[in-house]
Visitor: 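One structure, as structure tokens, below. Some questions next.
In what follows, every chain begins at residue 1, and chains take the letters A, B, ... in the order their sequences are listed. Given the structure is predicted, the values throughout are model-derived calculations rather than measurements.
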Amino acid sequence: MAQKPAIPKGTRDFLPAEVAKRNYMFATIKEVFRRYGYAPIETPSFELSTTLMGKYGEEGDRLIFRILNSGEKMKKADLDALAQDNLPRFANSLAEKALRYDLTVPFARFVVQHQNELTFPFKRYQIQPVWRADRPQHGRYQEFTQCDVDVVGSDSLLYEVELIQIFDEVLSNLSLPGFSIQINNRKVLSGIAEVCGVSERIIDLTVALDKLDKIGEDGVIDELKAKGFAPTSIEKIKPLFAFEGSNDSKMNLMRSYLASSEIGLKGLDELAEVFEQISELGLQRGELIFDLTLARGLNYYTGAIFEVKAKDVKMGSICGGGRYDDLTALFGLKGLSGVGVSFGADRIYDVMTELELFPKELNRTLDILFVNFGASEAKHGLKLLQQVRNLGLAAEMYPSAAKLQKQLKYANDRNVAYVVIIGEEEAAAGMLSLKNMETGAQEQLSSADFLTKCGQLF
RNA sequence: GAGGUUGUAGCUCAGUUGGUUAGAGCGUCGGAUUGUGAUUCCGAAGGUCGCGGGUUCGAGACCCGUCUUCCUCCCCA
């Protein structure tokens, strides 16, 4: 055998059974999005490098797939930059385009570009693949699909509430047994930084705090020390480690902790409003948790921050999102607040596969198989086959008069529901045998009765 | 981007301190008194051992490189 072909790391092929499951998942997600008034849009797989670069921080830039200039454009390569060891500049001269890294930044670009054609608040959803030059791991791919819902042009907290409901509804509809919807607010984090006297270092602070459940209190303190935080600041952070209990009691603790921070209290007010509305509306299977340590690296968030984790599985966050007040400002449109969340389709798929949550009938791509006994019997069968297809059923005839054993095995492997047998005996009697592949039961029917039954069964 | 790890038949894996034609289970294909699957029995096919180089009389086993897998960090869906 020749050298086996391969696909790049972190990418996957999807077999028919997998596509069926993925389509089911996407259909469930879209249906919820639609009912909340979001309409689908699509944007190109690749954008101009300038659109993407610098929007995700230094780490993010490194993970953006660049598209090499082709033809004459290759001559634009900045060899001086290479000689000076300025690799970023060299790379920019080589690649003017890049694969999209997420759907949010392209969306911001989209909104600014089409601002005069849109009605605000503009609600859109977008389900498309994104690419990251990350190192593949469990639940981490270089090509994966995000399902984003965003609304821009309103700062109403109604949308935070709505997005939480969408989290809950989508994941409940997908039968996830349990999941936590963690929420925090960037203003609260700003307040903490203010109280600790490190306002200008909020990113370092929150990144360290974000790791609390992973590396523990000492780990966080060590990291802060390593980053050069003053002992007095670290002392002021310590009370946060005792931050436990119900959402209400956490809110109370934070009210006194942030008493001196105007912005911090504003963040708490926003959270309180969301909690109140959600507790009135209720959630199906999700649990809304105020998680003070939730920070998320994306530095464009300005208000609410969300993250969703599935319970009882080893998997990172399956959804994330938040409010951003200035994202479109990066492309020249100020004063437009947005909030949105993203469902990680591939992780949700992995979780659902692990928990066996996909409906079993999804791998049925054929309802009825007609057994082939040779040209003369097949003739009659082919007419019936056409009528069955007209009823909307997936049906086909086995292509050759192979042994019955083989044809039934084919039906079995394809998970066919019913097999129609028209052999010499049946043809002579003007009947057909209908075999239920699940029970093995078989009955003789006239063509008319068979078609009636088809209409009832499916 | 840093460190570690993995790669043998379609799949899951054996393969003894380097030694003839590299094995198993499952799956696939064929057959078992002529028309009955998923559970029986018999048989067959299928691998230049990820790829490239090196050491050796001799490499699936050892060394180097490379790609890939999974893991930790980083970051994230």
Visitor: Any ion pair linking A:E270 and A:R186 (charged N to carboxylate O, less than 4.0 Å)?
Guide: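 Looking at A:E270 together with A:R186, the answer is no, because their closest N to O distance does not fall below 4.0 Å.
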
Visitor: Does the ring center of A:Y56 lie less than 6.0 Å from the ring center of A:Y101?
Guide: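 A:Y56 vs A:Y101: aromatic centres under 6.0 Å.
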
Visitor: With both distances kept under 3.5 Å, what pairs with B:rG60, Watson-Crick or G-U wobble?
Guide: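 No nucleotide pairs with B:rG60.
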
Visitor: Could you run down the sub-3.5 Å N/O contacts of the protein with nucleotides 68-70 of chain B?
Guide:
residue : atom : partner : partner atom : Å
B:rU69  : OP1  : A:G10   : N            : 3.2

Visitor: With no hydrogens and no angle check, do the side chains of A:D325 and A:S337 hold a donor and an acceptor under 3.5 Å apart?
Guide: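 Yes - a donor-acceptor pair under 3.5 Å links their side chains.
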
Visitor: Compare all side-chain heavy atoms of A:I368 with those of A:F450 and state whether any distance is below 4.5 angstrom.
Guide: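 When only atoms from C-beta onward are counted, A:F450 and A:I368 do touch, with a gap below 4.5 Å.
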
Visitor: Pick base, sugar-phosphate or nothing for A:S317, based on heavy-atom distances below 4.0 Å to the nucleic acid.
Guide: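 Sugar-phosphate: the residue A:S317, judged by heavy atoms under 4.0 Å, touches backbone atoms but no base.
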
Visitor: For the rings on A:Y125 and A:Y38, is their centre-to-centre separation under 6.0 Å?
Guide: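 Aromatic pair excluded; centres sit 6.0 Å or further apart.
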
Visitor: For the pair made of CD1 in A:I64 and C1' in B:rC76, what is the distance, rounded to whole Å?
Guide: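 Those two atoms, CD1 and C1', are 14 Å apart.
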
Visitor: Give none if B:rU17 has no partner; otherwise give the nucleotide forming a Watson-Crick or G-U wobble pair with it, both distances under 3.5 Å.
Guide: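 Looking at the geometry, B:rU17 pairs with no nucleotide.
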
Visitor: Which nucleotide, if any, forms a Watson-Crick or G-U wobble pair with B:rA2, using both distances under 3.5 Å?
Guide: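 Pairing partner: B:rU72.
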
Visitor: Return a single string for nucleotides 30-41 of chain B, one symbol per nucleotide in 5' to 3' order, where B is base contact, S is sugar-phosphate-only contact and - is none, cutoff 4.0 angstrom on heavy atoms.
Guide: S-S--BBBS---

Visitor: Given atom CG of A:L174 and atom C1' of B:rA77, what is their separation to the nearest angstrom?
Guide: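 Spelled out: CG on A:L174 to C1' on B:rA77 is 15 Å.
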
Visitor: Classify the nucleic acid contact of A:K314 as base, sugar-phosphate or nothing, counting any heavy atom under 4.0 Å across all strands shown.
Guide: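 Touches sugar-phosphate only.
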
Visitor: In whole angstrom, give the distance that lies between atom CG of A:L294 and atom P of B:rC76.
Guide: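 Those two atoms, CG and P, are 11 Å apart.
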
Visitor: Quick one: label A:G57 by what it contacts on the DNA or RNA (base, sugar-phosphate, nothing), any heavy atom closer than 4.0 Å.
Guide: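 Contact class for A:G57: none.
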
Visitor: With side chains defined as the heavy atoms from C-beta onward, is the minimum distance between A:K250 and A:N247 less than 4.5 Å?
Guide: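 The answer is yes; the side chains approach within 4.5 Å.
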
Visitor: Could you check whether A:K409 pairs with A:D413 (Lys NZ or Arg NE/NH1/NH2 to Asp/Glu carboxylate O, under 4.0 Å)?
Guide: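 Result for this pair is yes, salt bridge flagged.
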
Visitor: Starting at NZ of A:K309 and ending at C1' of B:rA77, how long is that distance when rounded to a whole Å?
Guide: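 Rounded to the whole Å, the gap is 12 Å.
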
Visitor: Between A:L63 (CG) and B:rC76 (C1'), how many Å, whole number?
Guide: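 It is 9 Å, rounded to the nearest whole Å.
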
Visitor: Rounded to whole angstrom units, what separation is found between the CG atom of A:L103 and the C1' atom of B:rA77?
Guide: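 So the CG-C1' distance, A:L103 to B:rA77, works out to 11 Å.
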
Visitor: Between A:E47 and A:K97, does any side-chain N to carboxylate O distance fall below 4.0 Å?
Guide: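 Looking at A:E47 and A:K97, the cut-off is not met.
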
Visitor: Salt bridge check: are A:R35 and A:E169 linked by an N-O gap of less than 4.0 Å?
Guide: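 A salt bridge links A:R35 with A:E169.
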
Visitor: For A:F144 and B:rA77, do the ring centres fall under 5.5 Å apart while the planes stay under 30° apart?
Guide: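 Stack criterion met.
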
Visitor: Taking any strand in view, what nucleotide pairs with B:rU28 in a Watson-Crick or G-U wobble way, both distances under 3.5 Å?
Guide: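 For B:rU28, the partner nucleotide comes out as B:rA44, under the 3.5 Å rule.
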
